Chemist: 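Dumping the structure here so I can ask a few things about it.
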Amino acid sequence: MIVYAKDLHLVVGLKLSPNTTFGCVRRNARKWFAARGWDWSAFVRDGRDIEDFRATNDAFALALVAAVEKAEAERGR
C-alpha cells in the first residue's frame, strides 16, 4: 500500500491540537521527512510505501499508517 501526500489530511486533528490545520501538518511532515533523509518531492510525486512509515515506529508515522489503513478499509480495499 502506498501513502500519498494527499493522505496527510487524514491526521489533521488526530491526537493533535484541535486547531491543527492541513497546512500545519504538511509543514511539519516536510520537516519530519527531512529529519529522516527522505525525499519530500518524491513523496509528493509518487507516494511512499506504508511499510517505510511503519518501520520508523514514530507516533506521527503510526498515526498516519492507521488512518490510511482505516480509510482504505472503509473504501473496501
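Note that these values count all heavy atoms, side chains included, but never hydrogens, waters or copies made by symmetry. If you're wondering where the values come from, they're calculated on a predicted model, not measured in any experiment.
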Chemist: Cluster question for you: counting only ILVMFWY and a side-chain heavy-atom cut-off of under 4.5 Å, with indirect links fine, are Phe53 and Met1 together?
Modeler: yes
Chemist: Write down the atom of Trp32, the atom of Ala61, and the distance for their closest heavy-atom approach.
Modeler: CZ2-CB, 3.6 Å
Chemist: Can you confirm whether Val3 sits close enough to Val65 that some side-chain heavy atom of one is under 4.5 Å from a side-chain heavy atom of the other?
Modeler: no
Chemist: For Ile50 and Ile2, run side-chain contact (heavy atoms from CB on, under 4.5 Å): C-alpha distance rounded to whole Å, both residues' side-chain angles, the deciding distance at 0.1 Å, then the answer.
Modeler: CA-CA 5 Å; Ile50 199 167; Ile2 303 295; over 6 Å; no
Chemist: Return the set of residues passing side-chain contact (heavy atoms from CB on, under 4.5 Å) with Ala71 (not counting sequence neighbours), or none when no residue passes.
Modeler: Leu10, Arg75
Chemist: Which residue pairs satisfy the side-chain hydrogen bond (donor to acceptor under 3.5 Å, both in side chains) criterion with at least one member in residues 37-50, sequence neighbours excluded?
Modeler: Arg48-Asp52
Chemist: Answer yes if Tyr4 and Phe33 sit in the same cluster of Ile, Leu, Val, Met, Phe, Trp and Tyr residues linked by side chain heavy atoms under 4.5 Å apart, and no otherwise.
Modeler: no
Chemist: Under the salt bridge (Lys or Arg N to Asp or Glu O under 4.0 Å) definition, can you give me all pairs with a residue in residues 54-66, not counting sequence neighbours?
Modeler: Arg36-Asp58, Glu51-Arg54, Arg54-Glu69
Chemist: Between CZ of Phe60 and CG of Leu8, what distance do you get to the nearest 0.5 Å?
Modeler: 5.5 Å
